[in-house]
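Letters A, B, ... are given to chains in the order of the sequence lines, protein chains preceding strands, and every chain is numbered from 1. This structure is a prediction, so every number in the text was calculated from the model and none was measured.
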Number of protein chains: 2
Amino acid sequence: MKLDRIDIRILYELQKNGRITNVELAELVHLSPSPCLMRVKKLQQAGYITGYSAQVALAKLGPTITVFTEVTLKNHRKMDFDRFQQAAEKVEEIIECHLISGGYDYLLKFVTGSIGDYQAIMERLIDMDIGIDKYFSFVVMKSPFIKPHLPLKTMFPM
Amino acid sequence: MKLDRIDIRILYELQKNGRITNVELAELVHLSPSPCLMRVKKLQQAGYITGYSAQVALAKLGPTITVFTEVTLKNHRKMDFDRFQQAAEKVEEIIECHLISGGYDYLLKFVTGSIGDYQAIMERLIDMDIGIDKYFSFVVMKSPFIKPHLPLKTMFPM
DNA sequence: TCACTCACGGCATTTTATGCTGCAATCTCG
DNA sequence: CGAGATTGCAGCATAAAATGCCGTGAGTGA
């Protein structure tokens with residue numbers, strides 16, 4: 001499946017507003033509702049759209065802390081990576097897991113209720129003996145901005 | 001405005017599926033459609049829900065690189081932070097900006113088409129003279145998982 | 001030029017959203 | 001304790017949207 005400009009525009013608009021009605025979306029991309037809906041369905045089926053989600057202002061619900069953690073593993077066999085990833089994925093508070101640089105380190109993104117919660121989770125991970133050698137924490141004081149959308153506009157022709 | 005368990009459940013479900021129909025959502029939270037819709041509207045109006053977006057599999061559209069960059073500023077007056085943030089926000093490829101640790105450093109998240117694009121953007125930022133002292137790049141080789149939802153489940157009673 | 005394919009627009013039907021009305025539970029203040 | 005007020009609910013009716021079907025026109029290759 002190959003995407004044309006209209007598909008890219010659809011992706012762009014759906015990133016900005018995932019709950020736009022098909023009728024409105026069709027107007028924005030200059031199509032009538034039917035073919036527009038057909039394209040959206042195809043984009044979903046082909047995996048270009050993996051889901052939709054509401055952006056929740058977590059901070060309004062109560063105190064929250066975001067922490068980025070750089071983790072180094074003791075060993076670097078495939079088994080070691082797999083074990084660590086599986087353990088990390090099960091932790092609800094770890095919302096992102098990235099393998100960085102030369103492939104020996106992970107960068108994790110945590111969201112927890114407090115620094116105490118974060119420490120408790122990290123201690124639990126250490127005790128679980130999933131191959132963590134050492135880690136370094138970047139505690140987020142403030143997030144001036146977090147854009148909910150990816151730079152489709154600059155990366156692809158529209 | 002105070003939220004009860006049902007509101008939290010609504011937020012949770014809308015995070016998992018932002019395009020769920022009101023009828024289905026109502027069933028999941030054990031309400032009839034009317035009061036359910038009323039609550040969603042209130043959550044939006046009160047700012048607990050800041051928007052909806054489609055998750056786009058950017059990697060399927062073409063090659064992409066994600067980079068986390070730690071940036072240190074030369075000076076640390078309010079003016080210096082403001083200038084940097086305003087410049088960073090205008091760069092489409094910078095999708096997150098976090099102020100970390102003691103308040104002197106930023107952690108940025110970039111998404112670009114290639115390492116070359118990333119370098120070009122960084123060089124442009126340096127040349128713009130917005131107070132960047134030095135920076136360190138964490139290039140993402142692979143992202144084992146990125147969860148689209150926040151840990152509402154563990155942080156709040158449901 | 002003609003047959004074929006593909007994508008579109010328009011229309012009809014089904015599904016969903018949305019506003020209204022009345023009822024039940026809870027709260028409050030005598 | 002008890003009566004009125006408040007809050008939040010379900011059910012219903014109407015408006016809006018999604019969805020499937022069909023005919024049409026542009027582009028392609030023989």
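- Panel note: side chain A:Asp105, backbone A:Ile100; no donor-acceptor pair is recorded below 3.5 Å.
- The CD-C1' distance, from B:Glu27 to D:dA10, rounds to 14 Å in whole Å.
- The 5' end of DNA chain C is approached more closely, in terms of each residue's nearest nucleotide, by A:Met38 than by the other of A:Met38 and B:Glu24.
- Listed nucleotides: D:dT19, C:dA17, D:dC9. Nearest to the side chain of B:Leu31: D:dC9.
- Between A:Phe110 and A:Tyr118, the ring-plane angle classifies as perpendicular under the 30° and 60° cut-offs.
- The nearest whole Å value for the distance from the CZ atom in A:Arg19 to the C1' atom in D:dA18 is 14 Å.
- Atom CG of B:Asp7 is separated from atom C1' of D:dT7 by 14 Å (rounded to the nearest Å).
- By the 4.5 Å heavy-atom criterion applied to side chains, A:Asn17 and A:Leu25 are not counted as neighbours.
- For the pair A:Leu37 CG and C:dT14 C1', the computed distance is 14 Å after rounding to whole Å.
- The local environment of NZ in B:Lys60 is crowded, with over 12 non-hydrogen atoms from other residues, nucleotides or ligands closer than 6.0 Å.
- Of the charged side-chain nitrogens involved, at least one lies within less than 4.0 Å of a carboxylate oxygen, so that B:Arg83 and B:Asp80 count as a salt-bridged pair.
- Looking at heavy atoms from C-beta onward, B:Thr64 lies in side-chain contact with A:Met155 at the 4.5 angstrom threshold.
- In the set D:dT19, C:dC8, C:dA17, the nucleotide with an atom closest to the side chain of B:Val23 is C:dA17.
- What separates CD1 of B:Ile20 from P of D:dA18 is a distance of 16 Å, to the nearest Å.
- In the helix from C:dT1-D:dA30 to C:dG30-D:dC1, the terminal helix axes, each the rotation mapping four pairs' C1' atoms onto the next four within five end pairs, subtend 30°, rounded to 10°.
- The distance between atom CD of A:Gln44 and atom P of D:dT19, rounded to the nearest whole Å, is 9 Å.
- One atom, CD1 of A:Ile10, and another, C1' of C:dC8, lie 13 Å apart when rounded to the nearest Å.
- Put simply, CG on B:Leu3 is 17 Å from C1' on D:dT7, counting in whole angstrom units.
- Distances were taken from every side-chain heavy atom of A:Ser34 (C-beta onward) to each of D:dA10, C:dT16, C:dG10; the shortest belongs to C:dG10.
- When the side-chain hydrogen bond (donor to acceptor under 3.5 Å, both in side chains) test is applied to A:Asp4, the partners found at least two apart in sequence or on another chain are A:Arg39.
- Using a 4.0 Å heavy-atom criterion, one finds that B:Lys41 contacts the sugar-phosphate atoms exclusively.
- Nearest to the side-chain atoms of A:Pro33 among the listed nucleotides D:dA18, D:dT19, C:dG9 stands D:dT19.
- Residue A:Ser32 is classed as a base contact, given a heavy-atom separation below 4.0 Å to a base.
- Comparing C:dA17, D:dT19, C:dG9 by their closest approach to the side chain of A:Asn22 singles out D:dT19.
- The side chain of A:Arg39 approaches C:dC8 more closely than any other nucleotide in the set C:dT18, C:dC8, D:dA18.
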